[in-house]
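Down below is the structure, laid out as structure tokens.
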Amino acid sequence: MKNIVVIGSGKIGSTIARLLVDTGDYNVAVVDRSAEQLAYIEDGPALSTVKLEIDDDASLVALLSGKFAVLSAAPFQLTVGIATAAAKAGVHYLDLTEDVESTRQVKRIAKTAKTAFIPQCGLAPGFISIVASDLAGKFDSLDSVRLRVGALPQFPSNALNYNLTWSTDGVINEYIQPCEAVVNGELVEVPALEEREEFSLDGVTYEAFNTSGGLGTLCETLKGKVNTLNYRTIRYPGHAAIMKALLHDLGLRHRRDVFKDILEHALPTTLQDVVIVFVTVSGRRNGRLIQETYANKIYSAEIDGRITSAIQITTASSICAVLDLLAAGKIPRQGFIRQEDIALDAFLHNRFATYYRLEDAAHSCGPMVST
């Protein structure tokens, strides 16, 4: 039994705790500053809750000391503080952040740490980087790597064609912050919500546009090796135009609290969602220009008698799989670990990756490989 601390008792944090405890291999303490939020956690012999101010460094270090790992499912603003406390306590650190600057600081902390620091362990960044790296490794030379991911309502019913399926802070952050990309072989920053494109999958039309953070560390890893590298978020058509009007024309990018309040009071949440993963890589193999595409759809499902959203399933199962690989010694236990350092085959054969396996996932559409 390994002792794990999960910080954040929201939808993702509670799902992580449930998945880990159900294995019988982990004792989990869920930590949050909100007693009201913690009350929703069903504790038991292997699951406990702790009310704690996350920014209380001394208390957090004391709580983490002696544990195997801490998993952060907290807002990105708390990432650096949690990583700092993990280093002081000498425990392994994993997070779900999409925030670029936070990850850069985690990387600096990891340089002197005696344990593993593995940020961006969710869906995107996270699993998407593992898939892209696996496909890219099959080529002699690369031309383009294009990553597309979306968490969408199955039944859109408003002008935004969107429901809140995960962190509102995270959505706003990725719609505002500059986006890393490789264009004509050069590492550049491109604006969020721009470079809109449309594509069809299974007869449904989607749009995709630049958002921040989805590439994780791939820009650094593939710099000098690829001509084009970009990440875009998938939505139903019309979403980007409305978001640009709200954030830019009405200036809500400068009033995040107001924008967050509007979204959380106007857009209902839903458990009836679908996650789309779409990665296309092109390059040379044996002198021929080849393209390979991975595509997958993951739907909400019932887990232990509860309907669990697709974004909860994909995000929580991803970080749990990485933790499991770490515990089994299949990932280095010291230093900064990139998602692309994790082998896709090892990930997919992990017990937590069931919903990512194309042969097991209900309504899956892939993988599609075209040449």
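Inspection of the Thr233 and Thr211 side chains reveals an N or O donor paired with an N or O acceptor under 3.5 Å. With no hydrogens or angles considered, no side-chain donor-acceptor pair links Ser212 and Glu98 at under 3.5 Å. No side-chain N or O of Thr97 forms a donor-acceptor pair with one of Ser102 less than 3.5 Å apart. Donor-acceptor pairing under 3.5 Å is recorded for the side chains of Glu340 and Thr221. A donor atom on one side chain and an acceptor atom on the other are found under 3.5 Å apart for Asp32 and Ser9. Looking only at atom types and distance, the side chain of Tyr26 has a donor-acceptor partner in the side chain of Asp324 under 3.5 Å away. Side-chain polar atoms of Arg148 and Asn230 form a donor-acceptor pair below 3.5 angstrom.
Interatomic distance, Ile290 CD1 to Lys138 NZ, rounded to the nearest 0.5 Å: 12.5 Å. Atoms CD1 and CZ, on Ile172 and Phe76 in that order, are 9.0 Å from each other to the nearest 0.5 Å. Taking CD1 from Ile319 and OG1 from Thr315, the interatomic distance works out to 9.5 Å, rounded to the nearest 0.5 Å. Atom-to-atom distance recorded for Asp56:CG and Leu52:CG is 6.0 Å, nearest 0.5 angstrom. In this structure, the separation between OH on Tyr355 and OG on Ser318 is 15.0 Å, given to the nearest 0.5 Å. Residue Leu147 holds its CG atom at 4.5 Å from CD1 of Ile128, rounded to the nearest 0.5 Å.
When all heavy atoms of Leu215 and Ala181 are compared, the closest pair comes out as CD1-CA, 4.3 Å. Closest of all the heavy-atom pairs between Asn286 and Asp140 is N-OD2, 2.7 Å. Here the shortest heavy-atom pairing between Gly213 and Gln120 reads O-NE2, 4.5 Å. Nearest heavy atom pair, residue Ser300 against residue Ser309, reads CB-CA, 3.8 Å. For the residue pair Asn163 and Pro153, the shortest heavy atom distance occurs at OD1-CB, 3.1 Å. Across all non-hydrogen atoms, the minimal contact from Cys179 to Pro191 is SG-C, 4.1 Å.
A salt bridge links Lys297 with Asp202: the distance from a Lys NZ or Arg NE/NH1/NH2 to an Asp or Glu carboxylate oxygen falls below 4.0 Å. Checked for salt-bridge contact, Arg351 and Asp25 meet the test: a charged N lies under 4.0 Å from a carboxylate O. The pair Glu42-Arg306 meets the salt-bridge criterion, since a charged nitrogen lies less than 4.0 angstrom from a carboxylate oxygen. Remark: Arg235 does not engage Glu198 in a salt bridge, criterion side-chain N to carboxylate O under 4.0 Å.
Looking only at side-chain heavy atoms (C-beta outward), Leu267 and Asn158 come within less than 4.5 Å of each other. The shortest side-chain heavy-atom distance between Val50 and Val30 does not fall under the 4.5 Å cut-off. Here the side chains of Arg285 and Arg288 are not in contact, with every heavy-atom distance at 4.5 Å or above. By the 4.5 Å heavy-atom criterion applied to side chains, Ile313 and Thr15 are not counted as neighbours. Contact of the Leu222 side chain with the Val182 side chain is not registered, since no non-hydrogen atoms from C-beta on lie closer than 4.5 Å. Side-chain contact between Val100 and Gln177 is absent, with no heavy atoms from C-beta onward closer than 4.5 Å. In this structure, the side chains of Thr269 and Leu164 come closer than 4.5 Å at one or more pairs of heavy atoms. Asn227 has its side chain out of reach of Leu142: every pair of non-hydrogen atoms, C-beta onward, lies at least 4.5 Å apart.
Enclosure of atom NZ in Lys330 is not indicated, since only 12 or fewer non-hydrogen atoms of other residues, nucleotides or ligands lie within 6.0 angstrom.
One hydrophobic cluster, built from ILVMFWY side chains closer than 4.5 Å, cannot hold both Val322 and Val5; they sit in different ones. Placement of Val171 and Phe209 within a single hydrophobic cluster is found when ILVMFWY residues are connected by side-chain heavy-atom separations under 4.5 Å, directly or transitively. In the hydrophobic cluster analysis, where Ile, Leu, Val, Met, Phe, Trp and Tyr join through side-chain heavy atoms closer than 4.5 angstrom, Ile82 is grouped apart from Ile4. Linking Ile, Leu, Val, Met, Phe, Trp and Tyr whenever their side-chain heavy atoms come within less than 4.5 Å puts Ile311 and Val6 in one cluster. Cluster membership for Leu201 and Val204, using ILVMFWY side-chain heavy atoms within less than 4.5 angstrom, is shared.
For Phe199, the ring pair (Phe, Tyr, Trp, His ring centres under 6.0 Å) criterion is met by Tyr206, Phe278, not counting sequence neighbours. With sequence neighbours excluded, the residues that form a ring pair (Phe, Tyr, Trp, His ring centres under 6.0 Å) with Phe347 are Phe127, Tyr356. Under the ring pair (Phe, Tyr, Trp, His ring centres under 6.0 Å) criterion, His92 pairs with Phe68, sequence neighbours left out. In this structure Ala85 satisfies the side-chain contact (heavy atoms from CB on, under 4.5 Å) test together with Asp57, Leu60, Val61, Leu64, sequence neighbours excluded.
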Exercise for the section: Apply the test side-chain contact (heavy atoms from CB on, under 4.5 Å) to residues Ile109 and Val80: give CA-CA distance (whole Å), side-chain angles for both, the deciding distance (0.1 Å), then the verdict. Expected result: CA-CA 9 Å; Ile109 293 168; Val80 177; 4.3 Å; yes
Practice task
In sequence, state the C-alpha distance, the side-chain angles, and the governing distance for Leu326 and Arg333, and then conclude on side-chain contact (heavy atoms from CB on, under 4.5 Å).
Solution key: CA-CA 7 Å; Leu326 178 68; Arg333 291 191 174 185; 3.9 Å; yes
Handout entry: Ile16/Cys320 under side-chain contact (heavy atoms from CB on, under 4.5 Å): CA gap, chis, key distance, verdict
Key = CA-CA 7 Å; Ile16 292 169; Cys320 288; 3.9 Å; yes
Practice task
Quick one: do Leu271 and Gln312 satisfy side-chain contact (heavy atoms from CB on, under 4.5 Å)? Show the steps, please.
Solution key: CA-CA 9 Å; Leu271 296 177; Gln312 285 175 271; 3.5 Å; yes
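Between the side chain of Thr228 and the backbone N or O of Ser144, no donor-acceptor pair lies under 3.5 Å. Here the side chain of Asn161 pairs a donor or acceptor atom with the backbone of Pro237 at under 3.5 angstrom. Here the side chain of Arg284 pairs no donor or acceptor atom with the backbone of Phe139 at under 3.5 angstrom.
The list of salt bridge (charged side-chain N to carboxylate O under 4.0 Å, His left out) pairs with a residue in residues 213-229, not counting sequence neighbours, reads Lys107-Glu220.
Arg232 pairs in a salt bridge (charged side-chain N to carboxylate O under 4.0 Å, His left out) with only one of the listed residues (Glu194, Glu174, Glu195), which is Glu195. Remark: of the listed residues Leu96, Ile298, Val275, Val275 is the sole one forming a side-chain contact (heavy atoms from CB on, under 4.5 Å) with Leu123.
The aromatic rings of His239 and Tyr175 sit perpendicular, their planes meeting at an angle over 60°, well past the 30° parallel limit.
Ring centers of Phe336 and Phe117: at least 6.0 Å apart, outside the cut-off.
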With a 3.5 Å cut-off and sequence neighbours excluded, list the donor-acceptor pairs that the side chains of residues 251-260 form with protein atoms.
unit_1, atom_1, unit_2, atom_2, d
Arg253, NH1, His248, ND1, 3.4
Arg256, NH1, Asn173, OD1, 3.3
Lys260, NZ, Asp169, OD2, 3.0

